Participant: 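Below are the structure tokens for one structure; questions will follow.
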Amino acid sequence: TVDFQVAQGGNERTIHLALPPFTLIGATTDPGMLARPLLARFRIKQRLEPYGDEALAGVVVRAAERRGIAISPDAAREIARRSCGTPREAINLLGCAIEVAGRDGVGRIEIPHALEAARIEGIEADGLRKEQVAILRLLVARDRPMGMGSIATALDIDERSVTAEHEPLLFRLGYIDRTWRGRVATAKGKARVA
């Protein structure tokens, strides 16, 4: 039952609305922003892991089929590889590849279309975007731990974007480490921008 307070004129009354049993499914990429009382009401909490490249390539192929365009398996894998395990990113990159193929007058997406779409979107082979590369270059150049606020200020990027969008990928790829003094580039991260 859900209760609603309704004000009419100077009077207020409560309307009781009976709901049939239902299942509510919520999804967020930032559970820390949810109020604890709201989060506590969900009995089952699952953390989803990023898709593997092959599974994500399958998502790309199915999305292309729904849009009525063919895609080569190699092009689907190329899009998947650059999408950091996220279907939303893969489908966005697919959309750009469809535009590139359409501009070329081709009815099938091949690797050159996927590569051109990635170039247009500013997505490198490992899925990094220019802001993520800039963060990595900064950490390598400073060669000391840096806090999120310092990184955001140095690069003129919103601190929340650094924390929520850029840092998780850099950490997952093994390019940065979190220390009690701040973020540092790993040997792998240093090699990535060398």
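All values derive from a computational prediction rather than experimental measurement.
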Participant: Membership question, hydrophobic clusters at under 4.5 Å side-chain separation (ILVMFWY): are I109 and I123 in the same one?
Facilitator: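 Yes, it is one cluster - the side chains of I123 and I109 are joined through contacts under 4.5 Å.
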Participant: Charged N to carboxylate O under 4.0 angstrom, R47 versus E49?
Facilitator: yes
Participant: Kindly determine whether D104 and E116 satisfy side-chain contact (heavy atoms from CB on, under 4.5 Å), including the steps that lead there.
Facilitator: CA-CA 11 Å; D104 291 348; E116 177 62 10; over 6 Å; no
Participant: Salt bridge check, E124 against R81: does any charged N sit closer than 4.0 Å to a carboxylate O?
Facilitator: no
Participant: Find out whether Y51 and T86 are in side-chain contact, i.e. whether some heavy atom of one side chain is under 4.5 Å from a heavy atom of the other.
Facilitator: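 Y51 vs T86: side chains apart.
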Participant: Taking all atoms of both residues into account, what is the closest heavy-atom pair of A80 and A57, and its distance?
Facilitator: CB-N, 3.6 Å
Participant: I'd like to check the side chain to side chain donor-acceptor pair (under 3.5 Å) partners of R129; sequence neighbours left out, ordered by chain and number.
Facilitator: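 So R129 forms a side chain to side chain donor-acceptor pair (under 3.5 Å) with E89.
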Participant: Looking at A117 and A97, what are the two nearest heavy atoms and their distance?
Facilitator: CB-N, 3.5 Å
Participant: Going by atom type alone, with no hydrogens or angles, which donor-acceptor pairs under 3.5 Å involve a side-chain atom of residues 142-155 and a protein atom two or more places apart or on another chain?
Facilitator:
residue : atom : partner : partner atom : Å
D143    : OD1  : K190    : NZ           : 3.4
T153    : OG1  : G149    : O            : 2.9

Participant: Does NZ belonging to K130 count more than 12 external heavy atoms closer than 6.0 Å?
Facilitator: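 No, NZ of K130 has 12 or fewer neighbouring heavy atoms, counting only those of other groups under 6.0 Å.
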Participant: Could you give the side-chain donor-acceptor pairs of residues 162-172 under 3.5 Å, partners two or more places apart or in another chain?
Facilitator:
residue : atom : partner : partner atom : Å
T163    : OG1  : E159    : O            : 3.1
H166    : ND1  : Q132    : NE2          : 3.4
E167    : OE2  : R178    : NE           : 3.0
E167    : OE2  : R183    : NE           : 2.4
E167    : OE2  : R183    : NH2          : 3.0
R172    : NH2  : C84     : O            : 2.6

Participant: Measure the shortest side-chain to side-chain distance between H113 and E99 over non-hydrogen atoms and say whether it is less than 4.5 angstrom.
Facilitator: no
Participant: Can you name the one residue among L139, V133, V140, D126 that meets side-chain contact (heavy atoms from CB on, under 4.5 Å) with Y175?
Facilitator: D126
Participant: Please name all residues satisfying side chain to side chain contact (heavy atoms under 4.5 Å, CB included) with Q5, sequence neighbours left out, ordered by chain then number.
Facilitator: E12, T14
Participant: With sequence neighbours excluded, what pairs up with R137 under the side chain to side chain donor-acceptor pair (under 3.5 Å) test?
Facilitator: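 Result, side chain to side chain donor-acceptor pair (under 3.5 Å) vs R137: none returned.
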Participant: Name the atoms and distances for all side-chain donor-acceptor pairs under 3.5 Å in residues 67-75, with sequence neighbours left out.
Facilitator:
residue : atom : partner : partner atom : Å
S72     : OG   : A75     : N            : 3.0
S72     : OG   : E110    : OE1          : 3.3
D74     : OD1  : R77     : NH2          : 2.5

Participant: If Ile, Leu, Val, Met, Phe, Trp and Tyr residues are connected whenever their side-chain heavy atoms lie under 4.5 Å apart, and connections chain through other members, are V193 and V184 in the same group?
Facilitator: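 Per the 4.5 Å side-chain linkage, V193 and V184 are not co-clustered.
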Participant: Go through the structure and list residues passing side chain to side chain contact (heavy atoms under 4.5 Å, CB included) with L115, not counting sequence neighbours.
Facilitator: E78, R82, I111
Participant: Working to the nearest 0.5 angstrom, can you tell me the gap between L34 CG and F42 CZ?
Facilitator: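 L34 CG to F42 CZ: 8.0 Å, rounded to 0.5 Å.
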Participant: Can L93 be reached from L56 by stepping across I, L, V, M, F, W or Y side chains whose heavy atoms are under 4.5 Å apart?
Facilitator: no
Participant: Output the rest of the hydrophobic cluster of V100: all Ile, Leu, Val, Met, Phe, Trp and Tyr residues reachable through side-chain heavy-atom contacts under 4.5 Å, sorted by chain and number.
Facilitator: I120
Participant: Treating T186 as the side-chain partner and G174 as the backbone partner, does any N or O pair qualify as donor plus acceptor under 3.5 Å?
Facilitator: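 Checked: pair present.
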Participant: Any salt bridge (charged side-chain N to carboxylate O under 4.0 Å, His left out) involving residues 51-65? Give me the pairs, sequence neighbours left out, ordered by first then second residue.
Facilitator: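 Not a single pair qualifies under salt bridge (charged side-chain N to carboxylate O under 4.0 Å, His left out).
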Participant: Flag yes if more than 12 heavy atoms outside R103 fall under 6.0 Å of its CZ atom; otherwise flag no.
Facilitator: yes
Participant: With sequence neighbours left out, what residues match A27 under side chain to side chain contact (heavy atoms under 4.5 Å, CB included)?
Facilitator: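 Listed in chain order: nothing, the list is empty.
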Participant: Are the side chains of I79 and S83 in touch, meaning some heavy atoms are under 4.5 Å apart?
Facilitator: yes
Participant: Indicate, with yes or no, if V2 and L38 share a hydrophobic cluster defined by side-chain heavy-atom contacts under 4.5 Å among Ile, Leu, Val, Met, Phe, Trp and Tyr.
Facilitator: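 Per the 4.5 Å side-chain linkage, L38 and V2 are co-clustered.
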Participant: With A63, which residues qualify under side chain to side chain contact (heavy atoms under 4.5 Å, CB included), at least two apart?
Facilitator: R66, I91, L94
Participant: Check side chain to side chain donor-acceptor pair (under 3.5 Å) between D3 and all other residues, then give those that pass, not counting sequence neighbours.
Facilitator: H16
Participant: I need the minimum non-hydrogen distance between F22 and L19, along with the two atoms involved.
Facilitator: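 Distance-wise, the nearest heavy atoms are CE2-CD1, 4.0 Å.
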